[in-house]
There are 2 protein chains.
Amino acid sequence: MDDVQVKKLAQIAHRKKISAGQTIISDEEPVDFFANVISGAIKLTKTLPDGRQQIVGLLFAPDFLGRAYSKNNPYTAEAATDVEICTFPNAAFERLVGEYPGLQQRLFQHTLDELDAARDWMLLLGRKTAEEKVASFLYMLARRSMLTGCVHKATPGAAAFELPLTRSDIADYLGLTIETVSRQLTRLKTSNVIRLSTNRLIMVPDLDRLAHAAGQEHGRH
Amino acid sequence: MDDVQVKKLAQIAHRKKISAGQTIISDEEPVDFFANVISGAIKLTKTLPDGRQQIVGLLFAPDFLGRAYSKNNPYTAEAATDVEICTFPNAAFERLVGEYPGLQQRLFQHTLDELDAARDWMLLLGRKTAEEKVASFLYMLARRSMLTGCVHKATPGAAAFELPLTRSDIADYLGLTIETVSRQLTRLKTSNVIRLSTNRLIMVPDLDRLAHAAGQEHGRH
DNA sequence: CGGGGGCCTTGACCCCGATCAAGGCGCGGG
DNA sequence: CCCGCGCCTTGATCGGGGTCAAGGCCCCCG
C-alpha cells in the first residue's frame, strides 16, 4: 500500500476505544462502517434462539471488522477485552477500494485466510476431544504470541502468553462448557504440558508437546 | 458478466467428468487449476493424522472450486457423487481476473458467502444436538431443492429431494457417527417430520416443522 | 440362482462431557 | 475490615452419543 493510499485512509479514519464486554456490531442492525483492530481481542458470536452460543471468529491486532459490499452481517461482534479500533465510514471506504484494486485484493486475501481458519475450526469442533480442543486453542495463541512476540524467550521451543478470553468465552469458542474447559486446563497443567501463574497467564515449556496434545503432531511451523 | 468475458472464459475452459469417490484436489499437492461445478456434489474434507475426518464444505452446481492467488489449499476435494466440472488453467484464469475487476469482485462475494456458511456450520458443530444437526442438514438441502427446484410441488410448505451423500459422508459433515445419523433419521421419520421412500429420497411435508427440529425457529426464508 | 460386499439399520453397552452443586479466590466498595 | 459478586475450580451424577456387534437390504457377478 503506497503513501497516497495510507494518507487517504487516514483522512477518513476515526479512532475509537471500546471497553470489554461492549457490543460493537449486532446481527440485528445494519453496519455502516468498516474497521481495523488496533489492539485487544474481538469475538464474533452466533446465538441460537434458545441462547446457546458459539464464537465463530476471533479478531486480533491487524484484522478487519465489518464486511465490504453487504450491510448485514450474520453475527454479533463484541469486545472480549478492552479494544482499540480504527473505523472508516462504509461509503468512503468503498470508494477508496474502487480506486485502488490492490486494496480489494488485500481484503480478498484476508477473507480467504479467515475461511481457512473457520474450516480448521470446523475440524476441531466436529472431531476433536475436549482435551485436544483446549490444547489446540492454547497452541494457536502460543504461535500467535511467537509472531507478535516482542519478548523473545531464551528457550526456543517455549512460549508464554496471556489468555484474552474468560473461561466462559473459551468454552463458547470450543463448543464446550466452562467446567470442561477448567478441568482440561488442570489436566494439561498436571501433565506438565502447560503452567499457569495466574489463571490468565500461560507458560508452555514445550510447544511440540502442546501440538501433540492438540492432535496435530508437530504442527506446521 | 458480459459476452466478451464469457467467450474468453469459454476459450480457456476444459470440461471434465469425474465419478463418485474420486479425489479431485489433494491437500498434499499444489493446484494448478480453477473450476466451476456443473453438476453433482463435491465434498471438501479435512483429516486428522489419526484418520478422523470432517467435511468442511459442500460444493453444488454453480460453485467454484480452487482458490485464486494461492496454489496450496489446505483441504482435499472429492467427488461425493458423479460430477461434471469446467476447469480453467490457473494462469490464464488469473490473467482474465486481472482484466475484468468485476470478476474478482464476484469471486470475493462468493468467498464471503462461503465464510458465512462455514460459520453457520461452526454453530451447528459446536452447539447443536444430534437431532438438530441432522434436521439442519436436511433443512439446508430442502431449501436448496426449492431454489434449484424444477419440480414445483403443489403443496407450498413441502419439499422433496435426494440425498447427495452417503450416511458416512453425512456423519463426517455433521461431526457424528454413521449410527447416530441413521438413528436420528429414523427418529425424524417416526415423528413424521420427514418421510423416506428409498433411503436416499427424502420427503418433507412441512418445512417449518423441520426448521423447528433444526433449532432455528422458522428459518429465514 | 446363490454368494459376497456395500450400505444401512438396530440393539446393547459404555464413556466422555454436560449438568448440578458446592466452595475457593480475588477484588472493589461500603 | 468485611461483605458480596465475578470468575474459576472441583466433585458427584447423569445422559447423549460413541462403540461394538449383529443382521437386513440391494445389487453385482459368477
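Reckoned from all heavy atoms, side chains included, excluding hydrogens, waters and symmetry mates. A, B, ... follow the sequence lines: proteins, then strands. Residue 1 opens every chain.
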Report the distance from atom [atom1] of [X] to atom [atom2] of [N], rounded to the nearest whole Å.
X: B:Leu124; N: D:dG17; atom1: CG; atom2: P; answer: 12 Å
X: A:Leu196; N: D:dC7; atom1: CG; atom2: C1'; answer: 14 Å
X: A:Leu163; N: D:dC8; atom1: CG; atom2: P; answer: 9 Å
X: B:Arg200; N: D:dC25; atom1: CZ; atom2: P; answer: 19 Å
X: A:Glu179; N: D:dC14; atom1: CD; atom2: P; answer: 16 Å
X: B:Gln184; N: D:dG16; atom1: CD; atom2: P; answer: 10 Å
X: B:Leu176; N: D:dG18; atom1: CG; atom2: C1'; answer: 10 Å
X: B:Glu131; N: D:dG16; atom1: CD; atom2: P; answer: 11 Å

Regarding [X], tell me which of base, sugar-phosphate or nothing describes its non-hydrogen contacts under 4.0 Å with the strands shown.
X: B:Gly21; result: nothing
X: A:Thr177; result: base
X: A:Ser182; result: base

Does the distance from a Lys or Arg side-chain N to an Asp or Glu carboxylate O, for A:Glu114 and B:Arg119, drop under 4.0 Å?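 Looking at A:Glu114 and B:Arg119, the cut-off is met.
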
NZ/NE/NH1/NH2 to OD/OE distance under 4.0 Å, A:Lys17 and A:Asp82: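 Salt bridge flag = no for A:Asp82 with A:Lys17.
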
So, does [X] use its side chain to make a donor-acceptor pair with the main chain of [Y] at under 3.5 Å?
X: B:Thr87; Y: B:His14; value: yes
X: A:Glu132; Y: A:Thr129; value: yes
X: B:Gln54; Y: B:Asp172; value: yes
X: B:Arg167; Y: B:Ile178; value: no

At the 4.0 Å heavy-atom cut-off to chain B, mark where contacts on DNA chain C begin and end, going 5' to 3'.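 From 5' to 3', the first and last contacting nucleotides are C:dC8 to C:dA12.
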
Below 3.5 Å, does any donor atom in the side chain of A:Arg183 face an acceptor in the base of D:dG11, or the other way round? yes

Comparing A:Arg167 and A:Arg127 on DNA chain D - which has the more 5′ nearest nucleotide: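 Looking at DNA chain D, the more 5' nearest nucleotide goes with A:Arg167.
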
Between A:Thr186 and D:dT10, is there a side-chain N or O to OP1/OP2 distance below 4.0 Å?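 Yes, because at least one side-chain N or O of A:Thr186 sits under 4.0 Å from OP1 or OP2 of D:dT10.
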
From CG (A:Leu185) to OG1 (A:Thr180), nearest 0.5 Å: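 Taking CG in A:Leu185 and OG1 in A:Thr180, the distance rounds to 11.0 Å.
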
Comparing B:Val181 and A:Lys128 on DNA chain C - which has the more 5′ nearest nucleotide: B:Val181

